[in-house]
Amino acid sequence: MQRSVYPELAEAVLRLLRERPRRLYEIARHLKIGSRTSRYEELLGALEWLQAQGLIERGGRRRYRLRLPEEQSLIEGELTIEHGIGIVRSSHPEYPEIIVRRHHLNTALPGDQVLVCPLRESSRRKPRGEIVNIVHRSRELISGTVEYDGNFFFLVPDDEGYYVDFLLPPDKLRGAQHGDKALARFIHWGDPLKSPEAEIVEILGRAGDPRAEFSGILREFELPFRFPPDVEEEARSFAHPPTAEEIAQRRDFRHEVTFTIDPDDAKDYDDALSIQRLPNGNLLLGVHIADVSFYVTEGSLTDEEAFQRGTSVYLVDRVVPMLPEVLSNDICSLVPDQDRLTYSVLMEFTPEGILRRYELCESVICSRRRFTYDEVQHILTSGKGPHAEHLLLLHQLAQSLRQRRFREGGIDFETIELKFRLDSHGFPAEVTAKSRTDATGLVEECMLAANRVVAAFIQERSRYWGLAEPLPFLYRIHDVPDPTKVREVIEILRALGIPVRREPATSQEWTELLRLLETRPEKPLIHQFLLRAMAKAVYSPFNIGHYGLGFPAYAHFTSPIRRYPDLIAHRLLKRYSQGRKPSLHRLRQLQEYLERAGEHCSRREQIAVEAERASIKAAQTLLASRLLGRKYWGTVTGLVPFGMFVLLDTTYIEGLLPLREMPDDFYTFDERRYRFIGKSTRTSFTLGSRLKVQLVSVDLKRRHVDLRLARSAHRAGRKPVGEGRS
């Protein structure tokens, strides 16, 4: 979509960027342009035009700056290695991604900040380049397995992004032996014809031992799995039951029917629900959140530790909590039949899901029951069970809220969440995919409604106090998708034969596209590709709305036990509810703090996501090591020039099927149509293709699984989705 350019707006942008680099939402805020207005489209057009003219450039997370003349020839960016292919992602408007071949990496490693020189290869869809300098080496620790070849010790990294093994000098082994699982730190690499050097930092155990494999992830991402003793001691001193004096200062909902709904393995319950039908026919929804801010005082040791962690991390074998267990699983957790301090949002909705009024208050509840999702789903299906009347009312309201949200621009992507059951030795014994149900949807819509209301409260309180700028607050923001990534995904969809007329520009057009995919068997896979085109949601005091949800303002409020931004939200809501307008000096202090906190919490969240993915990959690889030789039907999830990635049914293991393991024909990669095609048989494979494969080998060191085409399926099996192991 070609956007119009307004010279006055482009000049205003340049004036701002001459002061200092700014993010998109900062530019919009300074120019007083709302994210859901026509002027926002004009702003995007001005930024695109300025980039095309070479006057500005865009960095990571949409930070714009003036482009200097001497920066024209070499481009700075961060190197990642994906499926053996080097990619340098930069802020350059013409070269957001540059492919780097193995022989052009010149000792660069994943995570390094590098300078790359673009190569002139106009026939390629994506530009190629050569790394000419390493600006800054990544400081990340490297998890891997120690091996001895008879002469030298090497570390074989777990992460397949590391395309070389690391030489371990004798004085850097720290007692490590062949077969040990260990963490290492990069030392030096000056000659691409020689091995890079590293030193052992910690020995984790024996390779292949699940406890060592999972412990490696804790160290690899530097996750603090123990609390300092003084933090534990302080948390215990905070954890006292609510007194009569404390309860007397709050709204008392202990007479109301409240209950929690969580996964069956949850140990902390930070949200409870209540609902009642009012005399006017409307529904009063109560969302009651654990009042962590009452117990964790600002500036305490416990608070500082929680801030540094930023979030709880949910790994396959354990949880790395944000708060000590005496708080998270005990006094803050809304366990049944115990008085608990809460912060409540009461919302009156019409049966059609229209919000009529709301109220925020400090409160106390006594949960009547702890439900699991499965229990609630059974009650919703049968209409019978404990508190069935309340649950059915909640379900009715949730359906209305969901339908209204999608009508107003919310986008409904489907994702797959895996859950592993470990045996007594820590090995993955079983894996299941969690799917969305009416029960999970019920809780989701109630939490979304509460999160949206607290953000709206900030907007209303700012107007009430007559402030020129909104009160400082930490929002959950989601920017518009990157046009380049959207274009790439749409090209893939068209190559798959999906009739996409144009690139979606609005959330409504995304919804139309998803509706087009509704009946296609490869729908879950395509949803994953579309999700990759989306911007990442982050925390920021600069509100630009939430594109994916279609909300003009949104914040995280409902999980203060496991997310620090929610704890910040509780503190600010209490402060702003007192009725006394903060001083301008205090507002400036809060704004500066929230900018730093938003950056930090977004970074901690991303580390948690990466650690959780690595944990799942390790579990999948360990599971595959016990299933070697077995045959499964699977779905093609990705294509690279040397093979296909296949996700196996029932086990949810993803492995690589190299071209060399497809002996019935000679296959070539048709990049334009995104498929492999056989030279003799003309058999083709693309995303979503179904085929039968055999588990051939597992590399636990690199968390990598190799597959081979099963002999009974050499001609591109058309087995229906859902068939399992033969």
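- Distance alone, capped at 3.5 Å, places no donor-acceptor pair between the Asp665 side chain and the Tyr667 backbone.
- Aromatic ring pairs are classed by plane angle as parallel below 30°, tilted from 30° to 60° and perpendicular above 60°; the pair Trp189 and Tyr163 is tilted.
- For the pair Arg626 and Phe427, the cation-pi criterion (under 6.0 Å, within 45° of the ring axis) is fulfilled.
- Of the possible polar contacts, none joining the His136 side chain to the Gln113 backbone as a donor-acceptor pair under 3.5 Å is found.
- If you take CD1 on Ile142 and CG on Leu155, they are separated by 7.0 Å, rounding to the nearest 0.5 Å.
- One N or O on the side chain of Gln694 and one on the backbone of Gly629 form a donor-acceptor pair closer than 3.5 Å.
- Summarising the local packing, OH of Tyr148 is surrounded by more than 12 heavy atoms from other residues, nucleotides or ligands at distances under 6.0 Å.
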From CA spacing to verdict: side chain to side chain contact (heavy atoms under 4.5 Å, CB included), Cys601, Arg563
CA-CA 9 Å; Cys601 291; Arg563 293 189 306 226; over 6 Å; no
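- Counting all heavy atoms, side chain and backbone alike, Gly426 lies closest to Pro210 at O-CB, 3.3 Å.
- Residue Gln606 qualifies as enclosed at atom CD: its count of foreign heavy atoms under 6.0 Å is above 12.
- The shortest non-hydrogen separation linking Leu622 to Ser625 is O-OG, 2.5 Å.
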With side chain to side chain contact (heavy atoms under 4.5 Å, CB included) as the criterion, how do Arg219 and Phe225 come out once you've worked through the C-alpha distance, each side chain's angles and the decisive distance to 0.1 Å?
CA-CA 9 Å; Arg219 308 312 200 282; Phe225 55 97; 3.8 Å; yes
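- Of the possible polar contacts, one joining the Asp423 side chain to the His425 backbone as a donor-acceptor pair under 3.5 Å is found.
- The CD atom of Gln620 lies 10.0 Å from the OG atom of Ser615; values are rounded to the nearest 0.5 Å.
- At distances below 3.5 Å, not a single donor-acceptor pair connects side-chain atoms of Glu430 with backbone N or O atoms of Arg421.
- Of the possible polar contacts, none joining the Asp699 side chain to the His704 backbone as a donor-acceptor pair under 3.5 Å is found.
- Across all their heavy atoms, Arg206 and Gly179 have their closest contact at NH1-C, 3.5 Å.
- A side-chain N or O of Thr80 and one of Arg89 form a donor-acceptor pair less than 3.5 Å apart.
- Panel note: side chain Ser540, backbone Gly598; no donor-acceptor pair is recorded below 3.5 Å.
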Is there a side chain to side chain contact (heavy atoms under 4.5 Å, CB included) between Met662 and Leu657 once you walk through the steps?
CA-CA 8 Å; Met662 300 175 65; Leu657 173 60; 4.1 Å; yes
Using a 3.5 Å cut-off and no angle test, enumerate the donor-acceptor pairs between side-chain atoms of residues 310-321 and protein atoms at least two apart in sequence or in another chain.
residue: Thr311; atom: OG1; partner: Arg562; partner atom: O; Å: 3.3
residue: Ser312; atom: OG; partner: Met322; partner atom: N; Å: 3.0

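- Classification of Glu220 and Lys617 as a salt-bridged pair fails, no side-chain N sitting under 4.0 Å from a carboxylate O.
- Taking CD1 of Ile217 as the start and CG of Leu183 as the end, the distance is 11.0 Å to the nearest 0.5 Å.
- Without hydrogens or angle criteria, Asp159 side chain to Tyr162 main chain gives no donor-acceptor distance under 3.5 Å.
- Partner of Val156 under the side-chain contact (heavy atoms from CB on, under 4.5 Å) criterion, chosen from Asp165, Val164, Val146: Asp165.
- With rounding to the nearest 0.5 angstrom, the CD1 atom of Ile561 is 15.0 Å from the OH atom of Tyr564.
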Walk me through whether Thr650 and Trp633 qualify under side chain to side chain contact (heavy atoms under 4.5 Å, CB included).
CA-CA 9 Å; Thr650 69; Trp633 281 94; over 6 Å; no
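- The CD atom of Glu612 sits 9.0 Å away from atom CG of Leu223, with the distance rounded to the nearest 0.5 Å.
- Taking the side chain as every heavy atom from C-beta outward, Thr637 and Phe645 approach each other to under 4.5 Å.
- In this structure, the ring of Phe685 has its center no less than 6.0 angstrom from the ring center of Phe676.
- In Glu140, the CD atom is not crowded: 12 or fewer heavy atoms of neighbouring residues, nucleotides or ligands sit closer than 6.0 Å.
- Residues Ser328 and Asp268 have side chains that never bring a donor and an acceptor to within less than 3.5 angstrom of each other.
- Counting heavy atoms of neighbouring residues, nucleotides and ligands inside a 6.0 Å radius, atom NZ of Lys419 exceeds 12 of them.
- Interatomic distance, Leu418 CG to Thr432 OG1, rounded to the nearest 0.5 Å: 8.0 Å.
- Arg309 forms a cation-pi arrangement with Phe227, by the criterion of a distance under 6.0 Å to the ring centre and an angle within 45° of the ring axis.
- When side chains are defined from C-beta on, Ile75 does not count as touching Val88, because their heavy atoms never get closer than 4.5 Å.
- The pair Arg174-Asp180 fails the salt-bridge criterion, with no side-chain N (NZ, NE, NH1 or NH2) lying under 4.0 Å from an Asp/Glu carboxylate O.
- Of all heavy-atom pairs spanning Val538 and Ser602, the tightest one is CB-OG, 3.5 Å.
- Asp670 places no side-chain N or O within donor-acceptor distance of the main-chain N or O of Arg675, the cut-off being under 3.5 Å.
- The minimum heavy-atom distance linking Arg708 with Glu661 is given by the pair NE-OE1, 3.5 Å.
- Side-chain contact between Glu130 and His103 is absent, with no heavy atoms from C-beta onward closer than 4.5 Å.
- Taking a 6.0 Å sphere around NZ of Lys536, one finds it holds 12 or fewer heavy atoms contributed by other residues, nucleotides or ligands.
- Taking every heavy atom of both residues into account, Leu707 and Val646 meet most closely at CD1-CB, 3.7 Å.
- The backbone N or O of Gly190 lies less than 3.5 Å from no partner atom in the side chain of Thr107, so there is not a single donor-acceptor pair.
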